[in-house]
Amino acid sequence: MKTPWLHLCTILLGASTLALAITGAFVTTNEERPLYSLGLFHPVAGTSLVILTLGLALWMSVVEQRKWMRRLGWIAFSAFVVEGLLGIPMPPRPLPVRLSHTLLAYLLFSTTVLISVFTSRVWNRGPEIVEERTGKLSLQSLSIVSCATVAVQVVLGAVFRYGVTNVIPHILGAMVVAVLSGVTGFRVKQQFPEHRSLRIAATATIGITLSQAVLGMAVLAVQVINPEDPLPVILLISAHVGTGALTLAANVVLAIQIHRNVRKARANAEESDAASTRSQSLT
């Protein structure tokens with residue numbers, strides 16, 4: 001990385017993308033929309049992010065030596081353009097368009113978080129390889145399953161908010177996400193308490209997932225206790241949408257950190273045995 005300012009710009013892009021997702025919830029959450037004026041900021045912010053991402057992609061094209069990172073910058077810009085086109089007001093917007101707009105927002109936020117991670121000083125120092133204890137399900141596999149489950153849960157949340165399904169599938173999905181994310185995070189913290197990158201990613205995943213579950217229960221409770229006032233529901237759902245995006249991003253970052261830094265002990269042992277056999281054959 002040529003300059004720390006690039007990393008700071010990616011952090012700004014990620015924070016702005018999260019804010020964009022939250023303001024989008026002010027538009028779609030409730031028909032009464034007492035905070036609809038905040039939602040009017042949504043298209044303006046979206047246009048600003050397209051311009052910011054274009055600038056970031058151009059900047060990365062100049063200073064980034066990693067070809068795949070330059071490509072990632074342009075992929076992010078293209079995705080923001082598509083997201084903006086999907087969000088163009090044309091009521092009534094078809095349900096597939098609304099769902100695509102919502103789901104792409106989650107993916108975009110995870111992408112901006114990854115770009116921020118990949119441009120950080122810690123990432124550019126290189127991996128710190130550690131060995132995983134043998135187990136029936138490796139951390140690599142568990143992290144992939146956890147990410148996939150969170151992605152499905154995001155879809156279930158979106159279809160529920162748009163009235164396609166009831167809340168039961170979303171509640172069941174939340175339970176599965178909490179278990180898988182918790183197990184993955186705690187296994188990482190238990191096995192590698194001294195590994196800074198893994199420990200931070202695991203702690204963030206556990207904390208954000210727990211917050212997301214609490215917010216989900218709060219939304220249901222408020223809807224039952226005070227169904228006449230939409231304002232608390234809108235605020236809680238908007239926070240729930242934001243932490244949902246954070247949950248997906250945290251699981252993705254944890255999975256990437258695991259795949260980068262963790263090696264299977266059995267595989268390492270086999271490689272060592274093979275190397276020993278080759279050495280003996282040479283002698």
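Starting from 1, each residue takes its place in the sequence as its number. What you see below is based on every heavy atom in this structure, not just the backbone, and it leaves out hydrogens, waters and symmetry mates. The model shown is predicted, which means the values in this text are computed figures rather than measured ones.
In the hydrophobic cluster analysis, where Ile, Leu, Val, Met, Phe, Trp and Tyr join through side-chain heavy atoms closer than 4.5 angstrom, Phe77 is grouped together with Leu85. A chain of hydrophobic side-chain contacts below 4.5 Å, direct or via other Ile, Leu, Val, Met, Phe, Trp or Tyr residues, connects Leu114 to Val150. Criterion: ILVMFWY side-chain heavy atoms under 4.5 Å apart, direct or through other members. Under it, Val82 and Ile75 are not part of a common hydrophobic cluster. Both Val155 and Leu86 are assigned to one and the same hydrophobic cluster, defined by single-linkage of ILVMFWY side chains at heavy-atom distances under 4.5 Å. In the hydrophobic clustering of this structure, Ile144 does not group with Tyr106; members are Ile, Leu, Val, Met, Phe, Trp, Tyr whose side-chain heavy atoms approach within less than 4.5 Å, directly or through other members.
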TODO: Would you please test Arg121 and Arg125 for side-chain contact (heavy atoms from CB on, under 4.5 Å) and show each step?
DONE: CA-CA 6 Å; Arg121 183 179 302 175; Arg125 283 204 297 259; 4.3 Å; yes

TODO: Begin from the C-alpha positions of Ser143 and Asn251 and carry the test side-chain contact (heavy atoms from CB on, under 4.5 Å) through to its verdict.
DONE: CA-CA 7 Å; Ser143 64; Asn251 276 272; over 6 Å; no

TODO: Under the side-chain contact (heavy atoms from CB on, under 4.5 Å) rule, what do Leu220 and Gln223 come out as? Steps first, then yes or no, please.
DONE: CA-CA 5 Å; Leu220 295 176; Gln223 287 178 325; 4.0 Å; yes

TODO: Evaluate the side-chain contact (heavy atoms from CB on, under 4.5 Å) criterion for residues Val188 and Leu139: first the C-alpha distance (whole Å), next the side-chain angles of each, then the deciding distance (0.1 Å), finally the verdict.
DONE: CA-CA 8 Å; Val188 170; Leu139 280 172; 4.0 Å; yes

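Contact of the Glu64 side chain with the Thr119 side chain is registered, since non-hydrogen atoms from C-beta on lie closer than 4.5 Å. Residues Thr53 and Thr17 have side chains not in contact (no heavy-atom distance under 4.5 Å, counting atoms from C-beta outward). No side-chain heavy atom of Leu54 sits less than 4.5 Å from a side-chain heavy atom of Val50. Between Glu194 and Val130, the closest side-chain pair of non-hydrogen atoms is not below 4.5 Å. With a 4.5 Å cut-off on side-chain heavy atoms, Val252 and Val113 do not count as touching. The shortest distance between side-chain heavy atoms of Phe118 and Asn124 does not fall below 4.5 Å. Between Leu49 and Leu52 there is a side-chain heavy-atom pair separated by less than 4.5 Å. Counting only heavy atoms from C-beta outward, the side chains of Ile129 and His195 never approach each other to under 4.5 Å.
The main-chain N or O of Leu20 is found under 3.5 Å from a side-chain atom of Thr23 such that the two form a donor-acceptor pair. Between the side chain of Ser138 and the backbone N or O of Ser141 there is at least one donor-acceptor pair closer than 3.5 Å. In this structure, Thr112 contributes its side chain and Phe109 its backbone to a donor-acceptor pair below 3.5 Å. In this structure, Thr149 contributes its side chain and Val145 its backbone to a donor-acceptor pair below 3.5 Å. Of the possible polar contacts, none joining the Gln140 side chain to the His259 backbone as a donor-acceptor pair under 3.5 Å is found. With Gln257 contributing its side chain and Ala201 its backbone, the two residues share no donor-acceptor pair below 3.5 Å. A donor-acceptor contact shorter than 3.5 Å links the side chain of Gln191 to the backbone of Arg133. At distances below 3.5 Å, at least one donor-acceptor pair connects side-chain atoms of Thr205 with backbone N or O atoms of Ala250. Using a distance-only test at 3.5 Å, with no hydrogens or angles considered, no donor-acceptor pair links the side chain of Ser146 to the main chain of Leu142. Between the side chain of Arg199 and the backbone N or O of Pro193 there is at least one donor-acceptor pair closer than 3.5 Å.
Interatomic distance, CD1 of Ile200 versus CG of Leu254, reported as 12.0 Å (0.5 Å rounding). In this structure, CG in Leu108 is found 5.5 Å from CD in Glu83, a value given to the nearest 0.5 Å. The CZ atom of Phe192 sits 9.0 Å away from the CD atom of Glu131 when rounded to the nearest 0.5 Å. A distance of 8.5 Å separates CD1 in Ile171 from CG in Asn166, rounded to the nearest 0.5 Å. Between atom CG of residue Leu180 and atom CE of residue Met175 there is a gap of 13.5 Å, rounded to the nearest 0.5 Å. Atom CG in Leu56 sits 9.5 Å away from atom CZ in Phe80 (nearest 0.5 Å).
Summarising the local packing, CZ of Arg71 is surrounded by 12 or fewer heavy atoms from other residues, nucleotides or ligands at distances under 6.0 Å.
In terms of heavy-atom proximity, Pro169 sits nearest to Leu156 at O-CD1, 3.5 Å. When all heavy atoms of Ser120 and Val117 are compared, the closest pair comes out as OG-O, 2.6 Å. Considering every non-hydrogen atom in both Ala21 and Val241, the closest pair reads O-CG1, 4.0 Å. Arg260 and Trp123 get closest at one heavy-atom pair: NH2-O, 2.7 Å. Nearest approach of Ser181 to Ile206, heavy atoms of both residues: O-CG1, 4.5 Å. Of all heavy-atom pairs spanning Met69 and Met60, the tightest one is O-CE, 3.0 Å.
The aromatic rings of His170 and His240 lie perpendicular to each other, with more than 60° between the two planes, well past the 30° mark.
A salt bridge links Arg187 to Glu132: one of the charged nitrogens lies within less than 4.0 Å of a carboxylate oxygen.
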